[in-house]
S.K.: 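Here it is: the structure, laid out below.
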Amino acid sequence: MLYTEILKDSGVFSRLYKNGCRASGCGCAAYYLPNRRPYNRFGITAGKKVGCAVKRNRAKRIIRAAYRKNELLLPIGYDIVIVARQELCEMKSTELDGFMKKLSKEMNRNREKASH
RNA sequence: CGAGUAAGCCAUACGGCAGCGGGCAUCGGUUGAAACCGGUGAAUGAGGAAAGUCCGAGCAUCGAAGAGCAGGGUAGCUGCUAACGGCAGCCGAGGGCGACCUUAGGGAAAGUGCAACAGAAAAUUACCGCCUCCGGCUCUGCCGAAGGUAAGGAUGAAAAGGCGAGGCAAGAGCUCACCGAGGGGCGGGAGACCGCUCCGUCGUGUAAACCCUACCCGAUGCAACACCGAUUGGUUCGGUAUGCUUUUAACGUCUGCUCGGCGGGCAUACCGUUGAAGGUGGCUGGAGCUGCGCGGCGACGCACAGCGUAGAUAGAUUGCCGUACACGACAAAACUCGGCUUAUCGGCUUAGUCGCAAA
RNA sequence: GAGCCAUUAGCUCAGUCGGCAGAGCAUUUGACUUUUAAUCAAAGGGUCUGGAGUUCGAAUCUCCAAUGGCUCA
């Protein structure tokens with residue numbers, strides 16, 4: 001991934017759940033906050049509710065594939081966490097494209113607001 | 001053809017484009033060199049249960065060696081195995097017409113406890129009944145007292161070996177035949193055990209109640225453990241110095257207890273070491289897999305040849321298509337193996353059995 | 001990775017060294033009241049998480065599983 005680091009600090013995760021902007025779509029929800037860095041940080045959450053280990057891994061894979069495809073649309077300098085839901089492991093990654101486009105639009109709009 | 005039994009195998013397949021993990025080769029950047037960063041190439045990358053964590057081991061650390069008790073586990077025999085609570089074969093018991101299957105299967109005569117309700121009595125039993133003798137009375141009988149008895153009675157899961165005959169006042173293993181349990185002897189077997197024979201002791205069940213017997217078990221787990229480690233701090237450990245206390249003592253240490261062994265102990269100061277975050281190793285060549293041969297009923301063992309087949313650290317198999325069909329279940333390595341248990345779409349192979357029909 | 005605990009009526013819990021499954025709240029019915037609430041009286045409601053085993057007999061003992069929760073590093 002080009003401008004992205006993997007997010008693994010659990011403190012950052014909880015900060016995002018508490019304070020982050022939330023965008024939910026089909027099968028998943030995303031939280032994001034600006035991080036004042038020259039790159040993005042990206043994390044995935046797939047809890048026990050999603051299912052067994054096979055289903056959790058599949059959900060993570062699908063989210064990762066969708067992110068990789070749509071990485072260039074997203075603005076740089078954000079922490080992003082995507083939370084998987086139960087329905088996600090039945091879906092295909094192309095079905096997530098719409099959600100990623102919506103997410104990037106929303107983030108860009110917020111960024112313009114903040115800069116103005 | 002139908003039903004059923006046992007054993008074993010497979011776990012969608014192939015192709016295209018883009019992408020992920022760790023290594024290998026190579027090119028470039030960079031450097032004194034290594035490391036590092038980027039590109040390219042050809043290979044390679046989850047399971048039969050990877051799961052549950054129910055057992056067993058390897059490996060590592062913890063004592064300057066260890067012993068006993070407590071605690072825990074196992075429980076027919078013989079073998080296999082690194083080991084096991086696993087597996088194989090056999091014995092006993094039980095089930096099935098049969099192929100075959102199931103089985104925590106030592107000791108109740110070392111001791112203790114428990115056996116509700118019902119019943120006379122649940123383990124040194126006499127309520128009713130039956131019988132004998134004595135006494136009384138309203139005398140073919142009834143009542144009372146003393147004894148004998150375990151055949152009959154109702155209860156219960158279970159009633160003092162079972163059943164038949166003899167015997168007796170009535171009865172009773174009191175005696176006898178057969179059967180069961182126990183003990184002794186002889187024979188067979190590696191053994192569990194089996195067969196025959198004699199004796200005549202018959203003393204319920206429960207040990208997945210306490211317990212007894214035999215055998216086994218040190219504790220902690222790869223987040224173990226080893227190494228590197230900036231600033232800051234001074235928890236840990238070691239050494240030195242000083243002070244206090246003291247050598248049959250107290251304290252510490254393998255952990256619950258005791259013995260034994262080892263170290264004298266505590267406080268302060270200094271020096272070194274260590275060290276939270278992070279990184280590297282541990283990490284995959286192993287009780288390994290495949291093939292073939294030999295030994296063994298078998299589990300398994302031996303010999304030869306070939307193979308190199310995940311190693312991540314927020315944790316790698318995906319996305320978009322195409323083709324085929326039976327339209328794809330359960331399900332993801334995390335130190336590694338051997339088992340057990342549980343989940344599972346279906347398909348295939350082999351060997352017995354029973355029933356029906358035909359020849 | 002290692003270890004521990006719980007599951008009983010609609011809900012919260014007793015009963016756990018074997019012998020008829022119980023309490024409180026809730027529900028229903030009746031009484032009291034003009035009516036409701038409160039109070040009083042009664043009734044119904046259970047595959048004791050599931051499956052095997054030991055036993056004459058299992059919520060209880062043993063084994064295997066399921067679900068939920070907790071602890072350690």
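Proteins come first, then strands; the chains are lettered A, B, ... in the order of their sequence lines, and each starts at number 1.
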S.K.: Separation of Lys55(A) atom NZ from U317(B) atom C1', in whole Å?
M.R.: 19 Å
S.K.: Rounded to the nearest 0.5 Å, how far apart are OH of Tyr78(A) and CG of Asn110(A)?
M.R.: 6.0 Å
S.K.: Given that both distances must come in under 3.5 Å, which nucleotide forms a Watson-Crick or G-U wobble pair with A299(B)?
M.R.: none
S.K.: Could you measure between the two C1' atoms, the one in C193(B) and the one in U204(B), and give it in whole Å?
M.R.: 27 Å
S.K.: Tell me every residue that passes side chain to side chain donor-acceptor pair (under 3.5 Å) with Asn57(A), counting only those two or more places apart in sequence or in another chain.
M.R.: none
S.K.: Using Watson-Crick or G-U wobble geometry with both distances under 3.5 Å, which nucleotide pairs with G32(B)?
M.R.: none
S.K.: Once side chain to side chain contact (heavy atoms under 4.5 Å, CB included) is applied, do any residues pair with Ala84(A), and if so which ones, sequence neighbours excluded?
M.R.: Ala46(A), Val50(A), Ala59(A), Ile63(A), Leu88(A)
S.K.: In whole Å, measure the gap between the P atoms of A9(C) and A59(C) for me.
M.R.: 15 Å
S.K.: Just the rounded figure in Å: distance from P of A316(B) to CD1 of Ile44(A).
M.R.: 9 Å
S.K.: With a 3.5 Å limit on both atom pairs, tell me what G288(B) is paired to, counting Watson-Crick and G-U wobble, or say none.
M.R.: C307(B)
S.K.: Could you let me know what C17(B) is paired to, Watson-Crick or G-U wobble, both distances under 3.5 Å, or none if it's on its own?
M.R.: G319(B)
S.K.: Does any nucleotide pair with C337(B) by Watson-Crick or G-U wobble geometry, both distances under 3.5 Å, and what is it?
M.R.: G56(B)
S.K.: With rounding to whole Å, what would you report as the distance between U201(B) and G182(B) at their C1' atoms?
M.R.: 8 Å
S.K.: State the pairing partner of C90(B); accept Watson-Crick or G-U wobble contacts with both distances under 3.5 Å, and report none otherwise.
M.R.: G76(B)
S.K.: Where does A219(B) land, syn or anti, once you apply the within-90°-of-0 test for syn?
M.R.: anti
S.K.: Going by a 90° cut-off around 0, is G311(B) syn or anti?
M.R.: anti
S.K.: Would you say a side-chain N or O of Arg64(A) is under 4.0 Å from OP1 or OP2 of A314(B)?
M.R.: no
S.K.: Using atom C1' of each nucleotide, how far apart are U149(B) and C133(B) to the nearest Å?
M.R.: 15 Å
S.K.: For Ile63(A) and U317(B), what is the distance between atoms CD1 and C1' respectively, to the nearest whole Å?
M.R.: 17 Å
S.K.: Indicate syn or anti for G173(B), taking the glycosidic torsion and treating anything within 90° of 0 as syn.
M.R.: syn
S.K.: Using the C1' atom on both, measure U60(C) against U7(C) and round to a whole Å.
M.R.: 15 Å
S.K.: Specify the separation, in whole Å, of atom NZ of Lys60(A) and atom C1' of U317(B).
M.R.: 14 Å
S.K.: If you take all heavy atoms of Ala30(A) and Phe99(A), which pair is closest and at what distance?
M.R.: CB-CZ, 4.0 Å
S.K.: Please classify the nucleic acid contact of Arg56(A) as base, sugar-phosphate, or nothing, using heavy-atom distances under 4.0 Å.
M.R.: nothing
S.K.: What's the gap between C61(C) and U206(B) when it is taken at their C1' atoms, as a whole Å value?
M.R.: 12 Å
S.K.: For nucleotides A230(B) and A276(B), find the distance between their C1' atoms and express it as a whole number of Å.
M.R.: 14 Å
S.K.: In whole Å, what is the span from the OH atom of Tyr67(A) to the C1' atom of U318(B)?
M.R.: 17 Å
S.K.: Which atom pair, heavy atoms only, marks the closest approach of Met100(A) to Tyr67(A)?
M.R.: CE-CA, 3.9 Å
S.K.: With a 3.5 Å limit on both atom pairs, tell me what A123(B) is paired to, counting Watson-Crick and G-U wobble, or say none.
M.R.: none
S.K.: Only counting residues at least two apart or in another chain, list the ones meeting side chain to side chain contact (heavy atoms under 4.5 Å, CB included) with Ile62(A).
M.R.: Arg58(A), Ser93(A), Leu96(A)
S.K.: Give the stems involving RNA chain C, where a stem is 3 or more consecutive Watson-Crick or G-U wobble pairs (i with j, i+1 with j-1, and so on) under 3.5 Å.
M.R.: C:1-7 with C:66-72, C:10-13 with C:22-25, C:27-31 with C:39-43, C:49-53 with C:61-65
S.K.: For G107(B), does the O4'-C1'-N9-C4 or O4'-C1'-N1-C2 angle fall within 90° of 0, making it syn, or is it anti?
M.R.: anti
S.K.: For G352(B), does the O4'-C1'-N9-C4 (purine) or O4'-C1'-N1-C2 (pyrimidine) torsion place it in syn, i.e. within 90° of 0, or in anti?
M.R.: syn
S.K.: Examine G315(B): is either OP1 or OP2 under 4.0 Å from a nitrogen or oxygen in the side chain of Arg61(A)? Give yes or no.
M.R.: no
S.K.: List in chain and number order the residues that pass side chain to side chain donor-acceptor pair (under 3.5 Å) with Tyr31(A), two or more places apart in sequence or in another chain; answer none if no residue qualifies.
M.R.: Arg22(A)
S.K.: Rounded to the nearest Å, what distance is computed from the CD1 atom of residue Ile62(A) to the C1' atom of nucleotide A316(B)?
M.R.: 16 Å
S.K.: For C24(B), which nucleotide is its Watson-Crick or G-U wobble mate, given both distances must be under 3.5 Å?
M.R.: G41(B)
S.K.: Give, for atom CD1 of Ile80(A) and atom CD1 of Ile44(A), the distance between the pair rounded to the nearest 0.5 Å.
M.R.: 11.0 Å
S.K.: Using atom C1' in both nucleotides, what's the gap between C55(B) and G86(B) to the nearest angstrom?
M.R.: 9 Å
